[in-house]
Q: 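The following block contains the structure, expressed as structure tokens.
Along the sequence shown, residues are numbered consecutively beginning with 1.
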Amino acid sequence: MGRLLEPREVSHLGAVAAAAIVGFAGNELVARYRIRVGREIGSAALVADGLHARTDGFTSLAVLAGAGGAALGWTWADPAVGLLITVAILMVLRQAAREVYRRLMDAVDPALVDHAEATLRGTPGVLGLGQVRLRWIGHRLRAECEVVVDPTATVVEAHRVAAEAEHNLIHAIPRLTAAIVHADPLSHDGVDHHAVLDGHRHDQPPAGIVRHRAG
């Protein structure tokens with residue numbers, strides 16, 4: 001705030017601008033690499049580190065803008081840019097904190113759940129879906145799914161459908177290492193095949209990683 005009330009002259013503007021350009025380019029390259037690799041291996045910490053590098057890049061870009069303003073005689077440009085940098089850092093910090101918090105809570109991108117559901121529905125023999133759960137275990141994903149099959153299918157046929165559904169999921173979902181697929185017979189005349197479990201299912205999975213749709 002003192003720099004806004006009492007602006008000071010910025011010297012060596014050419015060197016400042018050159019350093020800002022180099023700093024932005026270098027940090028942006030590092031940020032893209034870390035974010036890409038972090039998403040490939042499922043590391044929220046590495047993604048957050050990439051976002052931190054991107055913040056440093058934006059800081060360099062803001063310094064370049066401040067140097068340009070100072071070159072035009074805008075004495076308030078440098079302190080104003082400092083305030084903008086502070087706001088940018090807080091915004092990126094919020095994004096990084098949200099990413100890490102979601103991972104700590106085992107949250108999964110809803111698009112992955114949608115993709116898992118579409119993959120299950122596309123498996124021959126799957127007539128509908130029950131619950132579809134995805135959760136992180138370290139850098140890997142695991143799935144728990146309920147698929148609806150023909151009630152006249154034999155145990156061997158229902159197992160084949162479940163195994164094929166698991167196989168398709170492993171190939172379709174990045175970083176998915178295993179899936180437990182439970183086959184339910186299609187209900188007729190309102191028969192509840194899980195009635196024996198009524199009153200025993202009190203635990204609810206964490207929000208954000210489960211979809212439940214009637215088959």
Q: May I have the step-by-step check of side chain to side chain contact (heavy atoms under 4.5 Å, CB included) for Gln131 and Glu144, ending in yes or no?
A: CA-CA 8 Å; Gln131 289 187 339; Glu144 297 176 12; over 6 Å; no
Q: Using 0.5 Å steps for rounding, measure from the CH2 atom of Trp136 to the CZ atom of Arg175.
A: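 Reported value, rounded in 0.5 Å steps: 4.0 Å.
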Q: So, Arg160 and Glu164, do they make that salt bridge, N to O below 4.0 Å?
A: no
Q: List for me each residue that meets side chain to side chain contact (heavy atoms under 4.5 Å, CB included) alongside His115, sequence neighbours excluded, and say none if there are none.
A: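 Here the qualifying residues are Thr119, Ala172, Ile173.
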Q: Drop me the distance from Thr152's OG1 to Glu157's CD, to the nearest 0.5 angstrom.
A: 7.5 Å
Q: Provide the closest heavy-atom pair for Leu120 versus Ala165 in the form atom of the first, atom of the second, distance.
A: CD2-CB, 3.7 Å
Q: So Arg142 and Thr177, do their side chains get closer than 4.5 Å, heavy atoms only?
A: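 Yes - at least one pair of side-chain heavy atoms lies under 4.5 Å apart.
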Q: More than 12 foreign heavy atoms under 6.0 Å from CZ of Arg32: is that the case here?
A: no
Q: Please determine whether residues Val30 and Phe24 belong to a single hydrophobic cluster, defined as Ile, Leu, Val, Met, Phe, Trp and Tyr linked transitively by side-chain heavy-atom distances below 4.5 Å.
A: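 No, because Val30 and Phe24 fall into different hydrophobic clusters, even though each may have its own neighbours under 4.5 Å.
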Q: Report the C-alpha separation of Val149 and Leu127 in whole Å, then their side-chain angles, then the decisive distance to 0.1 Å, and conclude whether the side chain to side chain contact (heavy atoms under 4.5 Å, CB included) test is met.
A: CA-CA 5 Å; Val149 300; Leu127 306 180; 5.6 Å; no
Q: So which atom in Ala116 and which in Leu134 form the shortest heavy-atom distance, rounded to 0.1 Å?
A: CB-CD1, 4.4 Å
Q: Compare every heavy atom of Cys145 with every heavy atom of Leu169, then report the nearest pair and how far apart it is.
A: CD1-SG, 3.7 Å
Q: With side chain to side chain contact (heavy atoms under 4.5 Å, CB included) as the criterion, how do Leu176 and His171 come out once you've worked through the C-alpha distance, each side chain's angles and the decisive distance to 0.1 Å?
A: CA-CA 8 Å; Leu176 181 69; His171 281 280; over 6 Å; no
Q: State, to 0.1 Å, how close Gly50 and Ala31 come at their nearest heavy-atom pair, and which atoms those are.
A: O-CB, 3.2 Å
Q: Looking only at non-hydrogen atoms, find the nearest pair between Pro174 and Leu112 and report the distance.
A: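 It is CD-CD2, 4.3 Å.
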Q: So how far is it from Arg54 CZ to Leu29 CG, rounded to the nearest 0.5 Å?
A: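 Output value for this atom pair is 10.5 Å.
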Q: Report the C-alpha distance between Leu129 and Val147 in whole Å, list the side-chain angles of each, state the deciding distance to 0.1 Å, and finish with yes or no for side chain to side chain contact (heavy atoms under 4.5 Å, CB included).
A: CA-CA 5 Å; Leu129 300 180; Val147 297; 4.0 Å; yes
